[in-house]
Chemist: 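I have a structure I would like to understand better, so I am pasting it below and will then ask my questions one at a time.
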Amino acid sequence: TALILQGNCPGIEPLCLDLADWEATEAALRSAGPFELLVNNAAVALLQPFLEVTREALDRSLDVNLRSVLHVSQIVARQMIAQGVPGAIVNVSSQASQRALRDHAVYCSTKSALDMLSKVMAMELGPHKIRVNTVNPTVVMTDMGRINWSDPQKSAAMINRIPLGKFAEVDDVVNSILFLLSDKSAMTTGSSLMVDGGFLVS
């Protein structure tokens with residue numbers, strides 16, 4: 001993926017690291033930048049029934065879905081403030097932050113925590129002219145999404161709860177992120193943009 005990005009956009013400098021590794025992330029990002037925009041999109045979904053949730057699944061999910069966002073955002077926001085320029089941060093959350101889903105106890109909880117973290121970030125970083133928002137997609141038809149939701153019986157139950165009758169495509173999410181990063185959303189901060197086809201109103 002990093003090589004593909006570099007091929008399409010030669011100015012990109014990929015950093016390949018485990019965001020759950022606090023020290024490695026700090027070292028890698030300290031020398032990167034300067035930053036004006038940040039998208040936090042790393043996540044894991046380790047699905048287990050509530051009564052079977054393991055400590056390992058909980059720790060890994062908290063490390064990637066919440067702690068890494070807090071840590072990366074701290075590093076980047078400090079650089080933005082030091083530069084004295086406006087910035088924008090978009091955290092990729094999920095419709096699962098606002099609706100209980102079977103076997104998603106940990107995932108739903110970490111995404112709910114991410115939404116609230118984003119609101120606090122927006123409140124505290126706003127005076128520094130840094131906006132913080134989330135996008136909250138439904139199932140997205142990435143390669144992994146197509147594999148996990150290709151079974152018509154499995155997907156039908158979810159699609160039937162989506163008024164628009166379909167899952168999101170990657171561009172649906174990307175375009176929402178681009179809007180929140182752009183000056184076209186200059187007065188939007190602390191908000192969650194649902195990219196769910198109406199799932200949460202059904």
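As the structure is a computational prediction, the values presented were derived from the model and not from experiment.
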Chemist: Ring pair (Phe, Tyr, Trp, His ring centres under 6.0 Å): which pairs involve residues 157-202, sequence neighbours left out?
Modeler: W149-F167
Chemist: For residues 120-133, pull every pair meeting side chain to side chain donor-acceptor pair (under 3.5 Å), keeping only residues two or more places apart or in separate chains.
Modeler: R131-S185
Chemist: Is there any salt bridge (charged side-chain N to carboxylate O under 4.0 Å, His left out) pair reaching into residues 146-160, and which pairs are they, with sequence neighbours excluded?
Modeler: R146-E169
Chemist: Provide the full list of ring pair (Phe, Tyr, Trp, His ring centres under 6.0 Å) pairs with a residue in residues 72-95, sequence neighbours left out, each pair given once.
Modeler: none
Chemist: Please check this pair: side chain of Q79 against backbone of L29, looking for a donor-acceptor N/O pair closer than 3.5 Å.
Modeler: yes
Chemist: Which pairs with one or both residues in residues 193-202 pass salt bridge (charged side-chain N to carboxylate O under 4.0 Å, His left out), sequence neighbours excluded?
Modeler: none
Chemist: Is there any salt bridge (charged side-chain N to carboxylate O under 4.0 Å, His left out) pair reaching into residues 18-31, and which pairs are they, with sequence neighbours excluded?
Modeler: D18-R60
Chemist: Taking side chain to side chain contact (heavy atoms under 4.5 Å, CB included) as the criterion, tell me which of L180, L181, V174 meets it with I177.
Modeler: L181
Chemist: Apply side chain to side chain contact (heavy atoms under 4.5 Å, CB included) to A42 and list each qualifying residue two or more places apart in sequence or on a separate chain.
Modeler: L19, V64
Chemist: For residues 43-54, which side-chain N or O atoms pair as donor and acceptor with protein atoms under 3.5 Å away, sequence neighbours left out?
Modeler:
from: Q48; atom 1: OE1; to: T54; atom 2: N; distance (Å): 3.1
from: Q48; atom 1: NE2; to: T54; atom 2: OG1; distance (Å): 3.4
from: T54; atom 1: OG1; to: A57; atom 2: N; distance (Å): 3.1

Chemist: Measure the spacing between CD of E36 and CG of L38 and express it to the nearest 0.5 Å.
Modeler: 12.5 Å
Chemist: So, does R99 use its side chain to make a donor-acceptor pair with the main chain of L200 at under 3.5 Å?
Modeler: yes
Chemist: Determine all donor-acceptor pairs shorter than 3.5 Å in which one atom belongs to a side chain in residues 105-118; sequence neighbours excluded.
Modeler:
from: S109; atom 1: OG; to: A105; atom 2: O; distance (Å): 2.6
from: T110; atom 1: OG1; to: N65; atom 2: ND2; distance (Å): 3.1
from: T110; atom 1: OG1; to: V106; atom 2: O; distance (Å): 3.3
from: T110; atom 1: OG1; to: Y107; atom 2: O; distance (Å): 3.0
from: K111; atom 1: NZ; to: V92; atom 2: O; distance (Å): 3.0
from: S112; atom 1: OG; to: S97; atom 2: O; distance (Å): 2.5
from: S112; atom 1: OG; to: C108; atom 2: O; distance (Å): 3.1
from: D115; atom 1: OD1; to: S93; atom 2: OG; distance (Å): 2.7
from: D115; atom 1: OD1; to: N136; atom 2: ND2; distance (Å): 3.4
from: D115; atom 1: OD2; to: S97; atom 2: OG; distance (Å): 2.6
from: D115; atom 1: OD2; to: N136; atom 2: ND2; distance (Å): 3.2
from: S118; atom 1: OG; to: N91; atom 2: ND2; distance (Å): 2.8
from: S118; atom 1: OG; to: L114; atom 2: O; distance (Å): 2.8

Chemist: Which heavy-atom pair separates S73 from I89 by the least distance, and what is that distance?
Modeler: OG-CG2, 4.3 Å
Chemist: Restricting to pairs with a member in residues 54-100, which pass ring pair (Phe, Tyr, Trp, His ring centres under 6.0 Å), not counting sequence neighbours?
Modeler: W22-H71
Chemist: Does anything in residues 61-89 pair up under salt bridge (charged side-chain N to carboxylate O under 4.0 Å, His left out), and if so which pairs, sequence neighbours excluded?
Modeler: D63-R67
Chemist: Once rounded to the nearest 0.5 Å, what's the spacing between atom CG of L178 and atom NZ of K184?
Modeler: 12.0 Å
Chemist: Identify, with sequence neighbours excluded, every residue that meets salt bridge (Lys or Arg N to Asp or Glu O under 4.0 Å) alongside R102.
Modeler: none
